[in-house]
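A quick write-up on the structure given underneath.
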Amino acid sequence: METVTGNDHPSSTTVNHERSLSESQSPLPSILSTATTPLSAAISPQSFLRVYIGNSGSTVIPTTSSTTIRDVLLSVAAKRSLSVSTLVATVVTHVGGAGEYQVTEEEESRRLCEFGDLESVRVDSHEAGLVSTGSLHAAELVAANAGTVPSSPRPPGHEFRLVNGSKSGFSSAVNLTDAKMMFRKVIPSASDLVAAFRGSDASAQNGSTGTVSGLKNKLRMSGTQDTVPTDPQKSELAVSGSTSGRCSTTASYVGPEASLGVSNKRESKRESTLSVGQKDMETTSQLEGIDLTKSFSSGKTDRERDNSQKPEFLSEEGAKIRKLANRKTRSRANSSRIQEVSGKLPSQALETDDPSVQYAILLITLPNFRSISVRTPTDVTLDEILSFVCDQHNIDFEVNTFVRNDSAETTLEMDRSLGYLVNELKVPEVFVMPGEKIYRSTYLSEDGADVMIMQTVQGRPQVMAGTPQKLIDRLTSPNFKEDDKAFRETLLLTFRSFMPATEFFRQLVSRYNCVPPENGTEEDMQYFEKMKLPIQRSVAAVCRMWAQHHWHDFALNAELKTQLEQLAEEFSYNDDEVIQSQSRNLLNVVEDQSAKHEEMYSYYKMVERKGKVLESMIAELSPEVLSHQICIHNFKLFKNIHPIEFLHQIWGSDREMTPYLNFFIDRFDKESYWVATEIVMQKDLKKRSSVLSKFILTTKACQEANNFFTLFSFMSGLGLSPVSRLKKTWEVNFGICMYDTAVIDKQALPEKTKTIYAELEKLIDPSRNMKSYRDLLAKAAPPIVPFLPIYLKDLTFMNDGNSKMVQGMINFEKLRMMGNRVRDIVSLVAVEYKGDSKPHIQNYIAKPPVEKNMAKLKEMSVECEK
């Protein structure tokens, strides 16, 4: 169905539908018969009917092949809260089309498709001065979003016109292209419209006009306040744009007290009756100065909002969407670095005055089967060498490439260096052959500048570097593949190295509010229309993924959390059902993650809270029981560390960005001083030796249980000077203490325990980059509580040893390496320790007797052994 063209005057037939109120209770339209089926699924996206409603604008009604004239009238009555018994329909057909059909009242049940080349339908009232006081929903109008506007071809200059109430004239033409961008389309479910229609008919039967309060929980109204046109001289559809670049018409809900019947006489066409839930309020059609959130409280739905209250960050102009160009060809070679050699090569051919530059010889067979040799630095690419050879021997560079014949794989990546070819691949000879050049790296450019570098790794493209904006663009790319999952995880984990979380969130919002490029070509506009909705879907999915896996950012920033919730609410206003579902999913994630964080934070506050230090239980616990409870306790602390905290620790972020990692590190010191304190507290040599032995055996049990954290912390405590100086406690000489002539009957440390201690010392040996511990860790199977400094050391080397920028872009390969190392750490929490946690022992482990003052510890040690 098409709109009215240019100045063509349509032929028309008036159908009088005046009927009794009881007749208005006929069965509901067929398109609404299945209440559980969404309207968007029940109709064809191509079936839309333009309906002009008196002098108050027009609306679009979705139709099917079974839609009748009565269905149209019922829909208009529900949409505008009018009495269906007073409406008159005029069927408009194309001039020269299928002809005119005189529809009688008895033929009102005929389907629209039976009228041939139907143009539109105009609905008027018996009463003069039809003025809409009901709702004009954005859901009832053509949407700006791609795919929701009838796509049938439109002749040049095609227009739709608004009816001023007269049967014989149209006025105030508005270009349909502009009108498409005026409205946001929200398609209600059929069950919602059923409720609306029932409400309309029931009200009509009771002698009053109906309302649209039945459209609850689905429909919404735009908060922008627009003019309701009533003046025949100014019957243009008034539209005001929201700050986000979207426009919508005024939606005015009418309460039960309001008098909506068209028989009500008004002294002025500019008067409109609104319900405020208490009494009628008269206002002008411009609705200036009205707080819609209060005015329509009696009929407001869950999908309504006032755009004037829309957060500022959601109203900013969006990012521009443009297709990037690929660039694979490299610059031509600098011939001064490459030398062609012939004959027997001297042994000095590879020697150079600059020891930092290495040379290599490459044998090349030309298309005429002549072989040459070139001497060139190993950092020169094959592309540059081919360029040199083609220039020297008059060969077309554009159509030729290098191939190899020493293996089944003949292709060579032309941006590889000569050093990689001769040293890694061990290729002695290459051939110049016609063929397409294969490049490992692909450069994506925008406006002539490179914005991203891609490389093919194991047959799959990987991002090596990119500008911050283009990294985010790829993160939210709708062409998401399983290969890109690792990219998403890495970027969400590491973006804080070049952008704070608040700015990253703003970029995502900008991406969601995407716009076409300025002065874009037709191709640019087509690309934008094609990609807009998929990009918005991808942004919604990324936001959920961010909140689900990296809640740390929002937990530490209340304002950012609030903005995330507001963005989730914004998703619910989108026309797309997929994005609407993401809104619910995201809000659920926010609720779940908030609860988890609160539980975790409460646990830390309980453990950290200063309270009474429990009395020592070391004498009551066996090494096996104590070590197992320590494993359970420390594993929980380690598991609660967020992956981001490891990177914040390396990047030197504020301490508040790493709360749980700091707590875990502080736990290391607590355990070390706990060991020393418990030992020097014992004044009796026998008891002191027993405590020392128990801590050594507990350390060994922790090592065997893969609790390497406690292995290092306890060994650190045993190595503190207040403990190591206790010679009588440590020394063993077959039961005779060398510092005392008395026989002590093995009251000092047993020989077996001393041997175990010596073995543990070897495991924590820091030499050769802690090789002993690394070997032990490599053989260990989860559950594991690691000694974190070794991981933090690796991350520090990766961070300091690699450049942050590559050709003016973020070095994403560096971030990938660091992200992989962090994932290695996180993977250790996949398996938990078995066994029950014993509360009284856990309380003791959480708050053991600890003296961190070294001077005080030394004083206590001297009291034990002077």
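Residues: numbered from 1 along the sequence shown.
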Working for ring pair (Phe, Tyr, Trp, His ring centres under 6.0 Å), residues Phe695 and Phe714
CA-CA 7 Å; Phe695 272 118; Phe714 275 20; 5.4 Å; yes
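Residue Cys543 comes nearest to Leu586 through the heavy atom pair O-CD1, 3.8 Å, listed as atom of the first residue, atom of the second, then distance. The two residues Lys814 and Met798 come nearest to each other via the heavy atoms CE-O, 3.9 Å. Minimum interatomic distance between Ala676 and Gly717 (heavy atoms only, all atoms of both residues): CB-O, 4.2 Å. The two residues Tyr833 and Asn707 come nearest to each other via the heavy atoms OH-N, 3.7 Å. Residues Leu788 and Ile825 come closest through the heavy atom pair CD2-CG2, 4.2 Å. The minimum heavy-atom distance between Leu314 and Gln566, with the atom names listed, is CD1-O, 3.9 Å.
A salt bridge is defined here as a Lys NZ or Arg NE, NH1 or NH2 lying under 4.0 Å from an Asp or Glu carboxylate O, and Lys779 with Asp775 fails to meet this definition. With respect to Asp765 and Lys762, no salt bridge is recorded, no charged nitrogen being found less than 4.0 Å from a carboxylate O. A salt bridge links Glu865 and Arg688; the closest N-O separation between the charged side-chain nitrogens and carboxylate oxygens is under 4.0 Å. Ion pair Glu678/Lys694 not flagged as a salt bridge, since none of the NZ, NE, NH1 or NH2 atoms sits closer than 4.0 Å to an Asp/Glu carboxylate oxygen.
Between atom OG1 of residue Thr699 and atom CG of residue Leu763 there is a gap of 11.5 Å, rounded to the nearest 0.5 Å. How far CG of Leu795 is from CE of Met817: 10.5 Å, rounded to the nearest 0.5 Å. Between atom CD1 of residue Ile845 and atom CD of residue Glu671 there is a gap of 8.5 Å, rounded to the nearest 0.5 Å. The line from OG1 of Thr467 to CD of Gln469 is 7.0 Å long, rounded to the nearest 0.5 Å. Taken to the nearest 0.5 Å, the CG atom of Asn802 stands 12.0 Å off from the CZ atom of Phe797. The distance from the CZ atom of Arg667 to the OG atom of Ser713 is 8.0 Å, given to the nearest 0.5 Å.
Formation of a donor-acceptor pair under 3.5 Å by the Thr378 side chain with backbone atoms of Gly419 is not found in this model. Looking only at distances, no side-chain donor or acceptor of Arg496 sits under 3.5 Å from a matching main-chain atom of Ala501. Glu851 contributes a side-chain N or O that, together with a main-chain N or O of Asn853, makes up a donor-acceptor pair within less than 3.5 Å. For the pair Trp730 (side chain) and Val723 (backbone), a donor-acceptor distance under 3.5 Å is present. Checked by atom type and distance alone, the side chain of Lys793 never pairs as donor or acceptor with a backbone atom of Asn769 at under 3.5 Å. Remark: the backbone N or O of Pro848 is not paired with any side-chain donor or acceptor of Lys670 at under 3.5 angstrom. Of the possible polar contacts, none joining the Asn706 side chain to the Pro782 backbone as a donor-acceptor pair under 3.5 Å is found. Distance alone, capped at 3.5 Å, is enough to place a donor-acceptor pair between the Asn662 side chain and the Thr658 backbone. The main-chain N or O of Gln455 is never found under 3.5 Å from a side-chain atom of Gln462 such that the two would form a donor-acceptor pair. The closest donor-acceptor contact from the side chain of Thr562 to the backbone of Ala558 lies under 3.5 Å.
Around atom CG of Asp836, no more than 12 heavy atoms belonging to other residues, nucleotides or ligands sit under 6.0 Å away. For Glu863, the CD atom sits in a packed shell: over 12 heavy atoms of surrounding residues, nucleotides or ligands are nearer than 6.0 Å. When the shell of 6.0 Å around NZ of Lys856 is examined, it contains 12 or fewer heavy atoms from other residues, nucleotides or ligands. Counted within 6.0 Å of NZ on Lys683, heavy atoms from surrounding residues, nucleotides or ligands total more than 12; the atom is thus considered enclosed.
Phe505 meets the ring pair (Phe, Tyr, Trp, His ring centres under 6.0 Å) test with Phe313; sequence neighbours excluded. Applying the ring pair (Phe, Tyr, Trp, His ring centres under 6.0 Å) test to Phe646 and every residue at least two apart in sequence or in another chain returns nothing.
Donor-acceptor pairing under 3.5 Å is recorded for the side chains of Gln507 and Glu503. For the residue pair Lys636/Ser837, the side-chain donor-acceptor check at 3.5 Å is not satisfied. Looking only at atom types and distance, the side chain of Arg816 has no donor-acceptor partner in the side chain of Thr494 under 3.5 Å away. Residues Asp800 and Thr796 bring no donor and acceptor atom of their side chains to less than 3.5 Å of each other. For Thr710 and Asn634, the side-chain atoms include at least one donor-acceptor pair closer than 3.5 Å.
Ring-centre distance between Tyr773 and Phe708: below the 6.0 Å cut-off.
Classification of the Phe638-Phe664 ring pair by plane angle, with boundaries at 30° and 60°, yields tilted. Note on ring orientation: taking the six-membered ring where Trp is involved, the planes of Trp674 and Tyr844 are perpendicular (angle over 60°, cut-offs 30° and 60°).
With His642 as reference, His550 is the one residue of His550, His648, His597 to meet the ring pair (Phe, Tyr, Trp, His ring centres under 6.0 Å) rule.
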